[in-house]
Amino acid sequence: MSFSAFKYIYMEKRIRVRFAPSPTGPLHIGGVRTALFNYLFARHHGGDFLLRIEDTDQTRYVPGAEEYIMEALDWCGITIDEGPREGGPHAPYRQSERKEIYAAYAQQLVDSGHAYFAFDTADELDVLRSAAEAKGETFTYNNVSRNQLINSLSLTAAECAERIGRGDHYVIRFKMPDHVMVEKTDLIRGNVRFNTDQLDDKVLYKSDGMPTYHLANVVDDHLMEITHVIRGEEWLPSLPLHVLLYKAFGWEDTMPEFSHLPLILKPAGKGKLSKRDGDQLGFPVFPLAWKDPVTGDVSRGYREDGYLRDGFINMLSLLGWNPGTEQEIFSMQELIAGFTLERVGKSGSRFDPEKTRWFNHQYMMRTAADELVEMFMPLLAARGIATDRDLVLKVVGMVRERCTFVQEIWDQGFFFFEAPQGYDEKIVAKRWKDDVPEMMAEIARFFGQVVIWEPVALKNEFSSFVNQKGWNFGTIMNSLRLCLVGGSFGPDIFEICGVLGKEESIRRIEVAVQKIIPA
RNA sequence: GGUCCGUUCAUCUAAGGGUUAGGAUUCAAGAUUUUCAUUCUUGCCAUAGGGGUUCGAAUCCCCUACGGACUACCA
């Protein structure tokens, strides 16, 4: 065992992971899950979670995307230890601000013979690509083609110096070695092997003076002392390049461990989950709503759609990970305690909007009532309803289990805030027979005599009253409900009466008797 | 096309050679709730196919099929 391995295992090197999104738009739930798994892994091991913005492609930069990413992580309860906003010992955490760092490392690779300058323009390469395609072949910039192309391997040193001297644009490419088997253990998938003969000479440093992802991520992960790279499966094909880069830099001893997360797939059909799926099937694919700065299109978000943060996280955590037990409701603390990479699956998970709704319903029943009130008050305000917290708290307590989303609290309990505007016709047809108005009127008079206006007492008194009258309970209760709420829904009748108060309850019965035309 | 990864109920998944293949969601039926919801009970439904290895395979190996990712001076 090498000393470094010894050190790694026994000295309990501090675990450091990073979430490294590109600010090209809103974070997709796949990205949120990647962030979550990184975060859970870091916290489980008492390590650090960093946010690094990979904005090396200026052409794809989208204003507001970076802020969106941070706000989304904030909403999710994923706290960042080091990042562009938080700062930290390895600042800056935005790659565009680290531009100068990469040039030297690229040069180091050229000097050591692991990379070379290439002067072919993007247009020239496009021509070669389409020509190859026309012949049914694929053009690859690699060990067989590079000698026929324009680069510091095919040119003399003087020619290169001249081109660089006169300001020709160039890129720096990795010189992929011949006949090498690159083998690496992925913590989720086990051993993966690649033959370098199948790989190409990837661009490491672009002609605009920016590094590509490949160079920047390896350099930064090294500099930032990242111990574990946990990223999406789409990166697996570039793993051999990254491993080779660590070796070329002489950083093999501190190379991080790699784990590639399975993809999140469409609910139906083929392929990975996309924004279109959400639009078509009516569920958000983004944590927060997003307005495209160019088109002005607005995409819905979990937060705005009334999903609860903890339920959203719980649902995401189970997409690809499982605890090995039958528990499925987890707080963030429980997720942290239970999360291990060993229990992350290898196969892609189809996203299930139905299960997501189920989770939300579960959390509607579990979330602290105060929190629900906090979310619901603005919705009331938007409807122009001014009311006090105490009433809202009571209402939330009574209707929460009937709701899947926060906004449904209104559908299930609007009658606590305003008298019903109309009466459900189906229920009227079913319950409002000719003799009902008179019975309701009697009930109103009975209510007027009740002294202790409190659900349990009221129920008892009301029951004896109805029994004494010899009325049918089912008819009475349902008709009474119709008077109070306008339909056939809502919590216990006597609970409703209790909150509405004696006068209002009576008033609603009287109004109903006036307004409802017997079927 | 090439490289790599994957494949257990419709969906999320458990079972790392020996279980009637377990749980959850959805759906259906019933009980409770004099509405609805909750809760509870029950039911339907799976090891992609074919070969091995083994006393014994969802589990290990091979082939096929299917799915996916990647194949840019994007990440």
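Below, read A as the first sequence line, B as the second, and so on, with proteins coming before strands; counting in each chain starts at 1. Computed from a predicted model, the values in this text were never measured in an experiment.
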Please measure how far the P atom in B:C9 lies from the corresponding atom in B:C45, and state the result in whole Å. 14 Å
Ring pair (Phe, Tyr, Trp, His ring centres under 6.0 Å), that's the test. Do A:Phe376 and A:Trp410 meet it? Break it down for me. CA-CA 8 Å; A:Phe376 186 56; A:Trp410 173 260; 7.1 Å; no
Is A:Arg163 positioned over the aromatic face of A:Tyr170, cation under 6.0 angstrom from the ring centre and no more than 45 degrees off axis? no
A:Thr325 near the nucleic acid: base, sugar-phosphate alone, or nothing, with a heavy-atom cut-off under 4.0 Å? nothing
So what does A:Asn142 touch, heavy atoms closer than 4.0 Å: a base, only the sugar-phosphate, or nothing? nothing
Name the nucleic acid region contacted by A:Val192, choosing base, sugar-phosphate or nothing; use a 4.0 angstrom heavy-atom cut-off, strictly under. sugar-phosphate
Per the under-4.0 Å heavy-atom filter, residues of residues 341-357 of chain A near RNA chain B come out as A:Arg343, A:Lys346, A:Ser347, A:Ser349, A:Arg350, A:Asp352, A:Glu354, A:Lys355
For A:Phe194, answer base if it contacts any base atom (sugar-phosphate contacts may also be present), sugar-phosphate if it contacts only those atoms, and nothing otherwise; contact means non-hydrogen atoms under 4.0 Å. sugar-phosphate
If I take atom CH2 in residue A:Trp358 and atom P in nucleotide B:C27, what distance separates them, rounded to the nearest angstrom? 14 Å
Just to be sure I understand the geometry, which residues of residues 169-179 of chain A put a non-hydrogen atom under 4.0 Å away from RNA chain B? A:Val171, A:Arg173
Heavy atoms only, 4.0 Å cut-off, all strands: where does A:Gly487 land among base, sugar-phosphate and nothing? nothing
Less than 6.0 angstrom from the centroid, inside 45 degrees of the normal: does A:Arg343 satisfy that with respect to the ring of A:Phe339? no
May I ask you to say what A:His361 touches in the nucleic acid, namely base, sugar-phosphate or nothing, with a heavy-atom cut-off under 4.0 Å? sugar-phosphate
Taking atom C1' in both B:G22 and B:A14, what distance in whole Å separates the two? 6 Å
